[in-house]
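Since the structure comes first, as structure tokens, the remarks are kept for the end.
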Amino acid sequence: MNFITLTLLLVYQVHGLSFPKCFKFGFATASYQIEGGWNASGKGPNIWDWYTHTYPTRIADLTNGDVACDSYHKVATDVKLLKNIKADFYRFSISWARIFPTGQTNNINPDGVRYYNELINLLLANNIKPVRIISLIMPIKYFPYSGIVSKPGSPSTNLPKSDYFVDYADKVFSLFGDRVKTWITFNEPSQICEFGYSNGAIAPGYTQLGIGNYMCGRTLLIAHAKAYRLYEKKYKQLQKGFIGMTVHAVWFEPAAEGKTYAEAAEISLQFMFGWWEHPIYKGGYPPVMRKRINYLSAQQNFTKSRLPYFTKDEIKLIKGTADFLGLNHYTSFLCSALDSGAVQSPLMNPDTNVTCYQPSSWKRGASIWIKVTPWGFRKILNWIKKEYGNPKVLVTENGYSDKGELQDCNRVNFLNDYLTELLNAIKKDGCNVQGYAVWTLMDNFEWGSGYTERFGLFYMNPSDPNRARIPKMSAYVLRNIIKTRKIDTTFTPQGFKACPAS
Ligand SMILES: *[C@@H]1O[C@H](CO)[C@@H](O)[C@H](O)[C@H]1NC(C)=O
Ligand SMILES: *[C@@H]1O[C@H](CO)[C@@H](O)[C@H](O)[C@H]1NC(C)=O
Ligand SMILES: *[C@@H]1O[C@H](CO)[C@@H](O)[C@H](O)[C@H]1NC(C)=O
């Protein structure tokens, strides 16, 4: 081997990895965060409309999603953006109350159906695959009888109802399933249940610490499974689609060497991620979750465990209900078991008896919880591979928040570094990852943070009556990655300055 071939070989090893031909790149959005048209043409109010109108001061900049990016009126604009940026797929969600204003399926809003048909048809005409989230942003009229949680004090009696969701899913499959082939039942059930029904930090702001989360979780898992089984039985043969759930997973790294740290990290993963995936891939709740919550419930003098039991039939119903694993991933934490000295962060689930933190030395985004830890991406993908037998994974969200700058070097570096780790996980570790969607297409209403945290690859100013979408540097960088299937950290699009290395 002469010097030139050796050099080429080294270069190849460092820069040669490229995304497989069949690997798909996409962009993710969510209905309430972009659509606007909150009361347009027959749409019913949903829990977020109610929440932002009732508690305006709970949103950092007092904004809401009434108009948001006005995507309700901008189907053609949005599809053109996706086309120009070379998206293979678009992950978006349905607003339940836009097609079923009261939540019940007897009352359908034709304009809502028209809106989603228009979007889906235009995507397909541009060769972009629609990936749909059925979504659990409930119509407000439906909430009182939704049965997501039951009355306080009765954690395991008064079983929550999941059938309304299944009726809704059934209608959605029949309306759009001839064209939509990838379905996600729920997005981030941990966040829905912990923040919506346990500590009350987001809509519907229900507070029942350590009880509401597990009731909500049980309802969602059963609703997901019933929707999956319904699809399997009634639509799969005809429509030939795939269905899964998307779960948010932080990577939890042991804070130090040693068994107690490793256990602390593992417990955290099981409580956040295994809560959903263990019932789906292995059957029933993770043993560590069952054991700890039973123990603590007894200590607290509950007559029953705060973690409601599944029946044998329910365990069977839920097991195997995923054609792929949807993963939202952004960041990592370091974990330790609680010793007498350590104080648990209030953000942690008290049932874990574990505390996790992010060192202040880690680089962060505009969102306090996003610390840039690309190495954690490869680790969570490998943990999933090992824990669940290398399932098919679709990364349905990953992204970075800043204040909205167009020369967004921090986001450019974030994407280059996270995608490099993803590539390593696929090529070097054999993780079965089939696609990646960046969060998010454009700056949008970021829940409680309003517009103070910007995740978009396109800039959008909510005070601009036209709500123009302006490409940031990162939009061109990701476009180049999609085009070349490679990561080139030196790529600098025209009109932008080279970014300092990360
Ligand atoms: C919709 O809401 C806006 C405020 O966001 C209000 O001005 C308008 O009158 C409402 N339209 C209907 C049809 O209720
Ligand atoms: C549970 O009951 C025991 C015995 O009545 C009592 O000593 C203890 O304080 C109770 N624990 C809680 C958390 O209320
Ligand atoms: C929590 O962890 C500490 C330290 O490991 C231990 O002493 C304590 O008993 C644990 N508490 C519970 C409720 O498991």
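Ligands are counted one by one from 1 in listed order, and the atoms in each one are counted from 1 as well.
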Could you tell me, atom by atom, which parts of ligand 3 come under 4.0 Å of a heavy atom of [X]?
{"X": "Arg292", "answer": "12 (C), 13 (C), 14 (O)"}
{"X": "Leu296", "answer": "13 (C)"}
{"X": "Asn353", "answer": "1 (C), 2 (O), 3 (C), 8 (C), 10 (C), 11 (N), 12 (C), 14 (O)"}

For Asn301, the ligand 2 atoms whose distance to one of its heavy atoms is below 4.0 Å: 1 (C), 2 (O), 3 (C), 8 (C), 10 (C), 11 (N), 12 (C), 14 (O)
In ligand 2, which numbered atoms sit nearer than 4.0 Å to a non-hydrogen atom of Gln299?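 That gives atoms 11 (N), 13 (C) of ligand 2.
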Parallel, tilted or perpendicular: ring planes of Tyr330 versus Phe455, cut at 30 and 60 degrees: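 Because their plane-to-plane angle is over 60°, the rings of Tyr330 and Phe455 count as perpendicular.
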Does the plane of the ring in His329 sit parallel, tilted or perpendicular to the ring in Tyr418? Use 30° and 60° as the thresholds.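 Plane angle between 30° and 60°, so tilted.
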Go through it in stages, so that I can follow the logic: the residues are Thr311 and Asp313, the test is side chain to side chain donor-acceptor pair (under 3.5 Å), and I'd like the CA-CA distance, side-chain angles, deciding distance and then a yes or no. CA-CA 5 Å; Thr311 64; Asp313 285 345; 5.4 Å; no
Are Tyr214 and Trp275 close enough, and set up right, to give a ring pair (Phe, Tyr, Trp, His ring centres under 6.0 Å), and what steps lead you there? CA-CA 9 Å; Tyr214 302 131; Trp275 182 6; 5.8 Å; yes
Could you tell me whether Arg378 and Asp429 make a salt bridge, using a distance below 4.0 angstrom between a side-chain N and a carboxylate O? yes
Does Asp408 come within less than 4.0 Å of Arg454, counting only side-chain N to carboxylate O? no
Before signing off on this row, confirm whether Leu338 and ligand 3 have an N or O atom pair separated by under 3.5 Å. yes
Non-neighbouring partners of Lys386 that pass side-chain contact (heavy atoms from CB on, under 4.5 Å), sequence neighbours left out: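 None.
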Near ligand 1, which protein residues have a heavy atom under 4.0 Å away? Trp38, Asn39, Asp66
Do Thr246 and Glu397 get their side chains close enough for a donor-acceptor pair, meaning under 3.5 Å? no
Can we call the ring centroids of Phe165 and Phe186 under 6.0 Å apart?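 Between Phe165 and Phe186, the centre distance is under 6.0 Å.
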